[in-house]
Amino acid sequence: MVGFKPTDVPPTAAVKFVGAGTAACIADLFTFPLDTAKVRLQIQGESKTSSNFKTAQYKGVFGTISTMVKTEGPRSLYNGLVAGLQRQMSFASVRIGLYDSVKQFYTKGSEHVGIGSRLLAGCTTGAMAVAIAQPTDVVKVRFQAQANTSSAKRYKGTMEAYRTIAKEEGMRGLWKGTAPNITRNALVNCTELVTYDLIKDALLSYNLMSDNLPCHVTSAFGAGFCTTVIASPVDVVKTRYMNSAKGQYRSALNCAFTMFQKEGPLAFYKGFMPSFLRLGSWNIVMFVTYEQLKRAMMSARVSWEAPF
């Protein structure tokens with residue numbers, strides 16, 4: 001991964017693993033309302049029988065946030081935050097924290113890293129992360145889709161949600177939507193991490209920017225836009241399928257086909273603006289925090305190990 005400046009002591013795999021999860025949690029705290037607005041916009045248009053908020057109609061990012069605050073209170077913007085933080089600690093730690101290690105594995109330690117090795121590493125860590133953290137994603141999405149004004153909430157607490165889903169839908173219910181989620185996160189990981197590296201390398205190669213904070217912010221924002229464009233259709237299908245009632249869709253492909261048939265191709269880009277705003281801002285906070293945490297943890301380790 002590209003850092004602020006080369007450090008005398010490169011960060012270990014453990015430092016990257018913990019740093020990525022922590023940085024992702026910090027980024028989620030700042031951007032979670034945008035993610036919740038994205039989910040509400042993505043599932044809008046489904047049949048009323050599967051909707052928990054039958055009366056609310058959402059228009060645009062800030063219109064959705066405003067409507068939620070007026071009808072459900074400001075806390076509704078953070079529905080599913082606990083599951084979201086659980087997800088990031090288990091998810092981002094793998095997909096981002098292990099990215100460099102897997103990339104080195106594919107290149108057999110070579111200093112030259114081609115785009116093929118980067119893409120393969122992104123696909124690998126993205127798929128691994130989904131396999132581990134999928135239950136937390138299912139619970140997060142269902143909480144975000146659940147309106148606080150509903151007379152009969154699906155779930156009242158995070159742990160109750162895990163238990164209820166496992167009881168009513170079986171253990172497979174906790175891994176519902178794994179296939180589209182693996183597809184989405186393979187795309188997200190490849191686009192996000194590889195694009196971040198490539199944009200930054202280009203900015204430095206053409207002397208447009210120096211290796212500092214503005215360069216990292218620009219690279220992260222560009223990576224967020226590219227990721228949103230590529231991954232949005234799969235993200236919408238994933239959200240709808242994970243939030244659906246048992247038996248509503250036969251499969252993720254059936255969900256996608258139903259969306260296309262009833263709502264047209266533009267349905268696959270529902271919630272695009274909040275997705276873009278969220279990914280752009282999330283990438284900026286995460287990458288900047290991640291690089292700083294790596295430096296801070298390695299400095300602390302060197303200080304701890306230094307003789308008195």
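Qualifying side-chain contact (heavy atoms from CB on, under 4.5 Å) partners for Arg163, counting only residues two or more places apart in sequence or in other chains: Met159, Glu160. Listed by chain and residue number, Asn148 satisfy the side chain to side chain donor-acceptor pair (under 3.5 Å) test with Asn79 (two or more places apart in sequence, or in another chain).
Not one N or O on the side chain of Arg118 forms a donor-acceptor pair closer than 3.5 Å with the backbone of Cys190. A donor-acceptor pair under 3.5 Å links the side-chain atoms of Thr67 to the main chain of Gly63, judged by distance alone. No donor-acceptor distance shorter than 3.5 angstrom exists from the side chain of Ser93 to the backbone of Val18, with no hydrogens or angles considered. For the pair Asn185 (side chain) and Asn181 (backbone), a donor-acceptor distance under 3.5 Å is present. A donor-acceptor pair is defined here as one N or O able to donate and one able to accept, closer than 3.5 Å; such a pair exists between the side chain of Thr107 and the backbone of Gln104. A side-chain donor-acceptor contact under 3.5 Å links Trp175 to the backbone of Ala131. At distances below 3.5 Å, at least one donor-acceptor pair connects side-chain atoms of Lys176 with backbone N or O atoms of Ser244. A distance-only check finds a donor-acceptor pair linking the side chain of Ser90 to the backbone of Arg87 [under 3.5 Å].
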message: Thr258 vs Arg240, test: side-chain contact (heavy atoms from CB on, under 4.5 Å). Steps then yes/no.
response: CA-CA 11 Å; Thr258 303; Arg240 292 222 179 166; over 6 Å; no

task: Evaluate the criterion side-chain contact (heavy atoms from CB on, under 4.5 Å) for residue pair Lys16 and Tyr290; output intermediate values, then yes/no.
output: CA-CA 8 Å; Lys16 293 177 183 177; Tyr290 179 42; 3.3 Å; yes

message: side-chain contact (heavy atoms from CB on, under 4.5 Å) for Leu193 and Phe287? Distances and angles first, verdict last.
response: CA-CA 10 Å; Leu193 299 180; Phe287 277 115; 3.8 Å; yes

task: Kindly determine whether Thr239 and Gln144 satisfy side-chain contact (heavy atoms from CB on, under 4.5 Å), including the steps that lead there.
output: CA-CA 10 Å; Thr239 299; Gln144 288 176 313; over 6 Å; no

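With a 4.5 Å cut-off on side-chain heavy atoms, Val194 and Tyr99 count as touching. Side-chain contact between Glu263 and Lys270 is present, with at least one heavy-atom pair separated by less than 4.5 Å.
Between Ala161 and Val139, the closest heavy-atom pair is CB-CG1, 3.8 Å. In terms of heavy atoms, Gln134 sits closest to Met242 at NE2-SD, 3.3 Å. In plain terms, the two heavy atoms of Ala24 and Ala92 that are nearest each other are CB-CB, 3.3 Å. Closest heavy-atom contact between Ser101 and Ala13: OG-CB, 3.8 Å. Val236 and Ala267 get closest at one heavy-atom pair: CG1-O, 3.6 Å. What you find for Ala231 and Val188 is that their closest heavy atoms are CB-CG2, 3.6 Å.
A distance of 12.0 Å separates CG in Leu277 from CG in Asp35, rounded to the nearest 0.5 Å. One finds the OG1 atom of Thr136 at 8.5 Å from the CZ atom of Phe91 (value rounded to the nearest 0.5 Å). Atoms CE and OH, on Met68 and Tyr78 in that order, are 11.5 Å from each other to the nearest 0.5 Å. Atoms CG and CD1, from Leu34 and Ile65 in turn, are 5.0 Å apart once rounded to the nearest 0.5 Å. Here the CD atom belonging to Gln146 is positioned 11.0 Å from the OG atom belonging to Ser76, to the nearest 0.5 angstrom. Note: Phe221 CZ to Tyr196 OH = 14.5 Å, rounded to the nearest 0.5 Å.
More than 12 non-hydrogen atoms from other residues, nucleotides or ligands lie less than 6.0 angstrom from OH of Tyr106. Shown here is Leu29, whose CG atom has more than 12 heavy atoms of other residues, nucleotides or ligands within 6.0 Å. Within a 6.0 Å sphere centred on CZ of Phe17, heavy atoms belonging to other residues, nucleotides or ligands number more than 12.
Taking hydrophobic clusters as Ile, Leu, Val, Met, Phe, Trp and Tyr residues chained together by side-chain heavy-atom distances below 4.5 Å, Val61 shares a cluster with Tyr269. With hydrophobic clusters built from ILVMFWY side chains whose heavy atoms lie under 4.5 angstrom apart, Ile165 shares a cluster with Val141. Both Leu41 and Val229 are assigned to one and the same hydrophobic cluster, defined by single-linkage of ILVMFWY side chains at heavy-atom distances under 4.5 Å. Both Ile284 and Phe225 are part of a single hydrophobic cluster, where members link through side-chain heavy atoms under 4.5 Å apart. Met89 and Leu174 are assigned to two separate hydrophobic clusters, defined by single-linkage of ILVMFWY side chains at heavy-atom distances under 4.5 Å.
Thr125 and Lys103 share no side-chain donor-acceptor pair at under 3.5 Å. A side-chain N or O of Gln86 and one of Tyr162 form a donor-acceptor pair less than 3.5 Å apart.
Tested against Ile115 for a side-chain contact (heavy atoms from CB on, under 4.5 Å), the candidates Asp197, Leu120, Leu198 yield a single pass: Leu198.
Between Phe276 and Phe272, the angle of the ring planes stays under 30°, which puts this pair in the parallel group of the 30/60° scheme.
Within the structure, side-chain hydrogen bond (donor to acceptor under 3.5 Å, both in side chains) contacts touching residues 217-233 (residues at least two apart or in different chains) do not occur.
Salt bridge annotation for Asp28-Arg278: present, with a cationic side-chain nitrogen under 4.0 angstrom from a carboxylate oxygen. A salt bridge does not link Arg142 to Glu168: none of the charged nitrogens lies less than 4.0 Å from a carboxylate oxygen.
A cation-pi arrangement is not found for Lys140 relative to Phe143, the charged atom failing to lie both closer than 6.0 Å to the ring centre and inside a 45° cone about the ring normal.
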